[in-house]
Amino acid sequence: MINLKLLEFALGSISARKGKYIFISLILTLIIFLSASVFYITGALRLEASYTLDSMPDIIVQKQTAGQRQFIRRDTADRLLEIPGVSYAVPRIWGTYRYEYLNSNITIVGVDVFAGHLPKDIETAVKGGGMETLLKPDGMITGAKLADTLRHIYNHDEFSFQKPDGGYISMKTGAVFRPESGLISSSVILMNQDTAAEILGIDENRATDIAVFVPNPEETDTIAEKIAAMAPDTVIITKEKIKAMYQNMFDYKSGIFLLIFSVCLFTFFIIAADRFTGIGREERKEIAVLKALGYTVSDILKIKFYEAAAVAVFAFLLGIFLALPYVFVFHAPLLKNVFTGYSYLRPEFVLPFSFSVSDTVIIFLSVAPVYTASVIIPAWKSAVTDAGESIR
Amino acid sequence: MIVMDSVTKTYTGGVSPISGFSLEIREGETVILSGESGSGKSTLLSLMAALIRPTSGDITIDGKKIAKLPEDFAALYRRENIGIIFQSYHLLPHLTAVENICVPLLPTGLSMKDITAKAMNILSSLNMADKANVNVSKLSGGEQQRTAIARALINNPKIILADEPTANLDRKLTDSLTDTFRRMSDEGRTLVIATHDSALTEALPHARIISIGHGI
């Protein structure tokens, strides 16, 4: 039961020690803001990755010899289509193009617009005016950031790719992805499949891999086993494995960050708590006076609890209300790079809104009780000692 | 009413300002504990208020032994029976006069309205009503003293313990305080005043004076 009179008294005490409580509130707000930002960025990246994964094939089949990946025969797709439960088996042309000038890798994806089954994000790009571009042998669709960068460097929308034989193929930017089209796909260049094969040096009867689509998710593992039996020189990657890989990547990065952050936080908190939340001479005297006036230990602890709770709740709400726009309106400048890596051509992507109540509760529970305890424990120690000496 | 029987208080470090002290104070009696600084007067008041515990001996108030009361029972005992006027007032500097006076009753079940009405009545009786909403740090020494007295009276205590109440007051304010003590005495309250101010002693001729020396 909250004693409103003691609550009012506690709020008055906070107002009387503004300097101390403003400092503590700022520390707590900063801690909560950073923790919440990390949680929200991680959640948004997971959501973003899940969007991208949704448009991926259920199974990817790659050829591997002596542990090295090789280009796979296109007609393997025909054999895979014979497996019951497989709706599509599509040879894909894609690969990494090293662009030394920007010290970056660009992913080139060849698109056969007549293939009948295109991943959702490519389909979106194609529908958005990209069809004409992909029909042309020299047309390409890029992320907006890459398009801007190339335009900045060359002053026009053309870029020359060097083929493995030393020759060049000149390509024009015909369209750009919308930023919402996905974190991973936005570092990609889409182009006509034949041109892509030429730039990447892939023979016409070969492909990078084969995308297999399985309508019934329950059958994916069984079909993967059948493919392994049918083509023992292949590596089979299911969507679930890729999901797990992304999960591990985000968990690893957020784990490392949180570990470092926690160590800093802990050290800072100990110093701050020792210096600012310990009971000072004035507060000890106030507790002694209250005891002399007939306050029980629990009355005093109630006041201290109200003080701590008011500061913690205020800092928590402020930290959360700052973290939400920081992550979802301003796209977490600086902090986002910790989780996505940094390169000059890093993709411009929007963190999708992903508010987790459980994460928010965890943040509150990991900060508020620690702070409250750091206020309550010294107050309790002071309250249970003889008051006589403190007020003479 | 107040019975101290062979009370000894030894502080950490071995100092014993009170040693084997016995005393009886009747209900409604005014007692002045007289003696020099450090003679043990304040220690005696703290013992009567159950703010500290005696090392040995018994203290009985209204037939109730208070010497070994657990902390919270001692607090409740003070809330119901004792009003303390400290030498340095010990008002809470961030509160106004009326808020300071209300402090002792905040943990009780009384409504804030009732508590404030009580506080205003007492302030009026001490001619301080116009200062009710002034922050205590802006009050003069005499006004702070009266605020401290009002705070000691808010719980309508049977016993008032005052520690060097005139130490920070001039002659005129001392006279005014003496009048207040007389009124308290007339109301039937038991007054125990620790002082080395002979003027206060002379101004309360009906008071029983107990001289206290070092290590009584």
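A note on names: the letters A, B, ... follow the listed sequences, proteins ahead of strands, and every chain is numbered from 1.
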- prompt: Which bit of L95(B) is near chain A, if near means a heavy-atom gap under 4.5 Å: side chain, backbone, both or neither?
  reply: side chain
- request: Would you mind telling me which of F39(A), F321(A), Y326(A) makes a ring-ring contact (aromatic ring centres under 6.0 Å, His included) with F33(A)?
  value: Y326(A)
task: State whether a side-chain donor-acceptor pair under 3.5 Å links Q144(B) with T147(B).
output: no
- request: Between chain A and each of R53(B), E80(B), R151(B), count heavy-atom pairs under 4.5 Å; write down the option with the most.
  value: R151(B)
- prompt: Is the number of heavy atoms from other residues, nucleotides or ligands within 6.0 Å of CD1 (I2(A)) greater than 12?
  reply: no
message: Over 60° means perpendicular and under 30° means parallel, so tell me whether F353(A) and F355(A) are parallel, tilted or perpendicular.
response: parallel
Which pairs would a plain distance check flag for residues 55-62 of chain B, meaning a side-chain donor or acceptor within less than 3.5 Å of a matching protein atom at least two apart in sequence or in another chain?
residue : atom : partner : partner atom : Å
T55(B)  : OG1  : T10(B)  : N            : 2.7
D58(B)  : OD2  : K65(B)  : NZ           : 2.9
D62(B)  : OD2  : K158(B) : NZ           : 2.9

- line: Filtered by a 4.5 Å non-hydrogen cutoff, the part of residues 99-123 of chain B contacting chain A is V103(B), P104(B), L105(B), L106(B), P107(B), T108(B), G109(B), L110(B), M112(B), I115(B)
- prompt: Of all of P93(B), G83(B), A75(B), which one pairs up most often with chain A through heavy atoms under 4.5 Å apart?
  reply: A75(B)
query: Using 30° and 60° as the class limits, which term best fits the ring planes of Y40(A) and F328(A): parallel, tilted or perpendicular?
result: tilted
Heavy-atom pair with the smallest gap, counting every atom of H94(B) and A16(A): CB-CB, 3.0 Å
message: Heavy-atom cut-off 4.5 Å, strictly under: side chain, backbone, both or neither for S13(A) against chain B?
response: both
- prompt: Checking L290(A) against chain B: side chain, backbone, both or neither under 4.5 Å from a heavy atom?
  reply: side chain
message: Just by distance, no angles: are the side chains of D197(B) and T195(B) close enough, under 3.5 Å, to form a donor-acceptor pair?
response: no
